[in-house]
Undergrad: 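Quick one: the structure is below, questions incoming.
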Amino acid sequence: METVKSTSTLSKTSLWIGWIISGLCILFLLFDAIMKIIKEEHSIKGSVQLGWPEHSIQGIGIVLLICTILYLIPRTSILGAVLLTGYLGGAIAIMIRAEQQLYFALVFGLLVWLGLYLRDKKLHVILPLRKED
C-alpha cells in the first residue's frame with residue numbers, strides 16, 4: 001500500500017481553526033442525531049413537515065450519529081466526511097423538494113470539508129488547492 005507523503009506541515013493556527021470548525025459541525029450534528037434518536041418532539045415535527053415518515057426518523061438519526069462519529073475519529077475522518085456529504089446531499093434534495101432554503105445544508109457540507117482540510121495534511125496531497133513551488 002502506497003503511503004501519502006507531503007513535505008508541508010500544518011501550522012498550529014490551521015490545526016486549531018480546523019478543529020474549531022470541525023468541532024462546531026460535530027456538536028451540531030450530534031445534537032441533531034440525538035434529537036432524532038430520542039424522538040424529541042420538535043425534531044420529529046420538523047422532519048414530518050419535510051415529508052419524512054415518522055417511523056423512519058430514528059433510523060436517520062442513527063445513520064447521522066454513525067457518520068458523525070466516523071468524522072470525529074482522525075483515522076476515519078475522511079470516510080466520515082464522505083458519508084456526511086451524502087447525508088447533507090440528501091438534506092439538500094429534501095429541501096428542494098419541500099421548496100425550502102437549501103443554503104444551510106450546502107454551507108454546512110462545505111464547513112465539514114473545510115474543517116477537515118485545515119486539520120489533515122493528507123487532504124492537501126489528494127486535493128491541492130495551490131501548486132507548491
Side-chain angles (χ1 to χ4, degrees):
M1 181 174 166
E2 188 175 317
T3 59
V4 176
K5 293 184 181 181
S6 174
T7 57
S8 67
T9 59
L10 297 174
S11 70
K12 287 183 180 182
T13 304
S14 176
L15 283 171
W16 273 103
I17 293 171
W19 273 111
I20 289 169
I21 292 170
S22 293
L24 291 172
C25 290
I26 289 164
L27 288 175
F28 177 82
L29 293 167
L30 287 175
F31 177 78
D32 188 32
I34 290 167
M35 292 300 106
K36 285 175 175 35
I37 291 169
I38 67 169
K39 298 182 179 180
E40 193 277 330
E41 180 184 343
H42 296 93
S43 180
I44 298 296
K45 184 178 177 183
S47 297
V48 168
Q49 286 176 346
L50 288 173
W52 288 107
E54 189 171 337
H55 68 273
S56 67
I57 297 169
Q58 193 173 36
I60 293 168
I62 292 168
V63 168
L64 178 56
L65 180 64
I66 292 168
C67 295
T68 304
I69 290 170
L70 288 171
Y71 179 69
L72 172 64
I73 301 168
R75 185 173 214 131
T76 59
S77 59
I78 293 174
L79 173 61
V82 169
L83 294 173
L84 286 172
T85 301
Y87 179 88
L88 292 167
I92 289 171
I94 289 295
M95 298 307 271
I96 290 170
R97 188 198 53 75
E99 297 181 352
Q100 300 290 321
Q101 297 294 323
L102 58 91
Y103 303 112
F104 183 78
L106 179 63
V107 169
F108 212 79
L110 292 171
L111 288 174
V112 163
W113 281 100
L114 176 62
L116 185 57
Y117 191 84
L118 291 173
R119 64 185 171 94
D120 190 339
K121 73 178 185 177
K122 289 179 281 191
L123 280 179
H124 296 220
V125 175
I126 297 168
L127 181 65
L129 294 180
R130 64 180 181 167
K131 215 174 205 182
E132 292 191 31
D133 298 325

Undergrad: Hey, could you give me the CG/CG distance between L72 and L27, rounded to the nearest 0.5 Å?
TA: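 So the CG of L72 and the CG of L27 are separated by 9.5 Å.
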Undergrad: Step through the shown structure and confirm whether more than 12 heavy atoms of other residues, nucleotides or ligands are within 6.0 Å of CZ on R97.
TA: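 Yes, CZ of R97 has more than 12 neighbouring heavy atoms, counting only those of other groups under 6.0 Å.
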Undergrad: Please tabulate, for side-chain N and O atoms in residues 46-62, each donor-acceptor pair with protein atoms closer than 3.5 Å (sequence neighbours left out).
TA:
residue : atom : partner : partner atom : Å
S47     : OG   : S43     : O            : 3.0
S56     : OG   : P53     : O            : 2.8
Q58     : NE2  : I37     : O            : 2.7

Undergrad: Counting C-beta onward and ignoring hydrogens, is there a side-chain heavy-atom pair between L64 and L84 closer than 4.5 Å?
TA: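 Counting from C-beta outward, L64 and L84 do come under 4.5 Å.
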Undergrad: Would you give the length of the straight line joining atom CG of L116 to atom CD1 of I78, rounded to the nearest 0.5 angstrom?
TA: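 Rounded to the nearest 0.5 Å, the CG-CD1 separation comes to 5.5 Å.
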Undergrad: Should V112 and I73 be regarded as members of a common hydrophobic cluster, given that ILVMFWY residues are connected when their side-chain heavy atoms come within less than 4.5 Å of each other, either directly or indirectly?
TA: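 Linked within one cluster.
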Undergrad: Measure the CG-CD1 distance between L118 and I21 for me, rounded to the nearest 0.5 Å.
TA: 5.5 Å
Undergrad: List the steps and the verdict of side-chain contact (heavy atoms from CB on, under 4.5 Å) for L65 and L30.
TA: CA-CA 6 Å; L65 180 64; L30 287 175; 3.6 Å; yes
Undergrad: Excluding sequence neighbours, so at least two apart, what forms side-chain contact (heavy atoms from CB on, under 4.5 Å) with L83?
TA: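 For L83, the residues satisfying side-chain contact (heavy atoms from CB on, under 4.5 Å) (neighbours in sequence not counted) are C67, L70, L79.
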Undergrad: Under the rule for side chain to side chain donor-acceptor pair (under 3.5 Å), what residues qualify as partners of S22, not counting sequence neighbours?
TA: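 Residues passing side chain to side chain donor-acceptor pair (under 3.5 Å) with S22: Y71, R119.
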Undergrad: Should I69 and I66 be counted in the same cluster of Ile, Leu, Val, Met, Phe, Trp and Tyr side chains packed under 4.5 Å apart?
TA: yes
Undergrad: According to ring-ring contact (aromatic ring centres under 6.0 Å, His included), does anything in residues 97-117 pair up with another residue at least two apart or in another chain? List the pairs.
TA: F28-F104, F28-F108, F104-F108, Y117-H124
Undergrad: Under a single-linkage rule joining Ile, Leu, Val, Met, Phe, Trp and Tyr whose side-chain heavy atoms are separated by less than 4.5 Å, which residues share a cluster with I38?
TA: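 So far as hydrophobic clustering goes, I38 is joined with F31, I34, M35.
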Undergrad: Would Y87 end up clustered with L114 when hydrophobic side chains under 4.5 Å apart are linked, directly or stepwise?
TA: no
Undergrad: Using the rule that two of Ile, Leu, Val, Met, Phe, Trp, Tyr join whenever any of their side-chain heavy atoms come within less than 4.5 Å, decide whether L110 and L127 are in one cluster.
TA: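 The answer is no; the residues belong to distinct hydrophobic clusters.
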Undergrad: Kindly determine whether D120 and S77 satisfy side-chain contact (heavy atoms from CB on, under 4.5 Å), including the steps that lead there.
TA: CA-CA 9 Å; D120 190 339; S77 59; 4.0 Å; yes
Undergrad: Specify the closest pair of heavy atoms between L111 and C25, including all atoms of both residues, with the distance to one decimal.
TA: CB-SG, 3.8 Å
Undergrad: Who passes salt bridge (Lys or Arg N to Asp or Glu O under 4.0 Å) against D32, sequence neighbours left out?
TA: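 Listed in chain order: K36.
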Undergrad: For L29, is there any backbone N or O sitting under 3.5 Å from a side-chain donor or acceptor partner on T68?
TA: no
Undergrad: Heavy atoms, side chains only, cut-off 4.5 Å: are L106 and I92 in contact?
TA: yes
